[in-house]
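Please read the structure below before turning to the comments.
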Amino acid sequence: MRTRKKCLTYSYMRMYCGGMARAATTSDAFNAVAEPRRRAILNYLALQERPVGEIVDLMGLEQPSVSKHLRVLLEVGLVHVRRDGRRMLYRTNAEAIRPLHEWTETFERYWRHQLSRVKERAERKSNASNDAGADFNPRRKNDLDSNKN
């Protein structure tokens with residue numbers, strides 16, 4: 001009988017639910033862009049239509065790997081493909097990316113609100129230090145030079 005070595009893995013800690021299937025990467029745009037290389041491909045394609053070879057060169061991945069990622073992006077509709085002779089040219093589908101943009105907009109509003117609060121706090125501090133009194137005289141560069149002699 002073999003004894004199992006206890007390791008601190010997710011399965012050992014019961015963080016994986018064996019009865020629940022993981023969503024397929026092609027089930028929706030959110031699952032497709034969960035993979036960082038697919039997001040990088042989308043970023044690259046956002047500027048213009050590109051052939052697979054250029055994407056391979058940019059990503060530094062093997063061609064079959066890039067093709068696999070492109071297939072996933074194509075199946076969920078995030079990219080379009082057209083044939084130009086023997087080349088396959090890929091481009092983003094902005095309309096399919098809209099749900100991702102709308103979802104992230106929620107967080108953008110949150111961070112914009114947080115940044116405006118930080119700005120307001122900094123301005124209040126700045127105004128408070130400016131109102132410290134008429135006798136508050138910050139040193140100027142020339143004052144420091146005269147003290148050296």
Side-chain angles (χ1 to χ4, degrees), residues 1-132 138-142 144-145 148:
M1 184 171 128
R2 249 174 48 185
T3 59
R4 287 177 48 132
K5 181 180 175 185
K6 291 187 177 185
C7 301
L8 292 178
T9 62
Y10 288 117
S11 59
Y12 176 73
M13 294 184 296
R14 307 268 190 255
M15 292 181 77
Y16 287 128
C17 182
M20 184 181 297
R22 215 177 110 206
T25 56
T26 57
S27 63
D28 64 16
F30 292 96
N31 283 310
V33 299
E35 217 292 321
R37 285 170 281 215
R38 287 191 206 110
R39 290 192 304 269
I41 290 171
L42 282 174
N43 283 339
Y44 188 58
L45 293 175
L47 301 175
Q48 71 183 50
E49 185 177 64
R50 311 252 185 197
V52 176
E54 279 186 33
I55 301 167
V56 167
D57 292 341
L58 170 82
M59 302 292 295
L61 298 172
E62 298 296 320
Q63 192 274 331
S65 177
V66 170
S67 292
K68 177 184 151 195
H69 290 304
L70 287 168
R71 189 188 78 243
V72 169
L73 294 171
L74 187 62
E75 286 181 19
V76 297
L78 292 175
V79 296
H80 290 299
V81 64
R82 76 175 177 90
R83 184 176 290 278
D84 181 32
R86 292 178 44 172
R87 297 184 335 160
M88 302 295 280
L89 299 168
Y90 290 85
R91 62 184 163 87
T92 56
N93 177 5
E95 201 54 43
I97 294 173
R98 183 181 304 276
L100 299 170
H101 175 69
E102 290 171 353
W103 182 73
T104 57
E105 236 176 17
T106 304
F107 300 100
E108 183 181 344
R109 284 192 301 267
Y110 168 77
W111 283 110
R112 197 175 304 132
H113 174 71
Q114 294 292 28
L115 290 172
S116 66
R117 288 181 55 206
V118 168
K119 180 182 174 190
E120 289 170 8
R121 188 175 302 142
E123 288 172 350
R124 280 197 309 270
K125 274 188 161 184
S126 175
N127 290 339
S129 67
N130 289 342
D131 297 339
R139 291 186 151 214
R140 291 181 298 248
K141 184 180 184 304
N142 293 343
L144 294 174
D145 292 341
K148 288 181 183 177

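Basis for what follows: all heavy atoms, side chains included, without hydrogens, waters or symmetry-related copies.
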CG of Leu42 to CG of Leu100, rounded to nearest 0.5 Å, is 8.5 Å
For Ala96 and Gly77, the nearest pair of non-hydrogen atoms, with its separation, is CB-O, 3.0 Å
Looking only at heavy atoms, the pair that brings Val76 and Ala32 closest together is CG2-CB, 3.7 Å
task = Measure the shortest side-chain to side-chain distance between Arg91 and Gln48 over non-hydrogen atoms and say whether it is less than 4.5 angstrom.
result = no
The side-chain hydrogen bond (donor to acceptor under 3.5 Å, both in side chains) partners of Arg98 (sequence neighbours excluded) come to Glu95
Glu62 meets the salt bridge (Lys or Arg N to Asp or Glu O under 4.0 Å) criterion, sequence neighbours left out, with none
For Val81 and Met88 the tightest heavy-atom approach is CG2-CE, 3.7 Å
With sequence neighbours left out, the residues meeting side-chain hydrogen bond (donor to acceptor under 3.5 Å, both in side chains) with Gln114 are Tyr110, Arg117
Distance col, row Glu120:CD vs Arg124:CZ, nearest 0.5 angstrom, shows 6.5 Å
For Met59 and Ala40, the nearest pair of non-hydrogen atoms, with its separation, is CE-CB, 3.7 Å
In terms of heavy-atom contacts, Arg38 and Asn31 come closest through NH1-O, 4.1 Å
Listed pairs under 3.5 Å, donor-acceptor, residues 49-58 side chains, sequence neighbours left out:
| unit_1 | atom_1 | unit_2 | atom_2 | d |
| --- | --- | --- | --- | --- |
| Glu49 | OE1 | Arg82 | NE | 3.2 |
| Glu49 | OE1 | Arg82 | NH2 | 2.9 |
| Glu49 | OE2 | Arg82 | NE | 2.9 |
| Arg50 | NH1 | Tyr44 | OH | 3.3 |
| Arg50 | NH1 | Glu54 | OE1 | 3.2 |
| Glu54 | OE1 | Tyr44 | OH | 3.4 |

Residues passing the side-chain hydrogen bond (donor to acceptor under 3.5 Å, both in side chains) test with Arg37, sequence neighbours excluded, are Glu35
dist Leu70:CG -> Lys68:NZ (nearest 0.5 Å) comes out at 12.0 Å
Distance col, row Leu89:CG vs Leu45:CG, nearest 0.5 angstrom, shows 10.5 Å
Interatomic distance, CD@Glu108 vs CG@Leu115, rounded to 0.5 Å, equals 10.5 Å
Separation between OG1 (Thr104) and CD1 (Ile97), nearest 0.5 Å, reads 11.0 Å
Residues at least two apart in sequence or cross-chain that pass side-chain hydrogen bond (donor to acceptor under 3.5 Å, both in side chains) with Arg121, listed by chain then number, are none
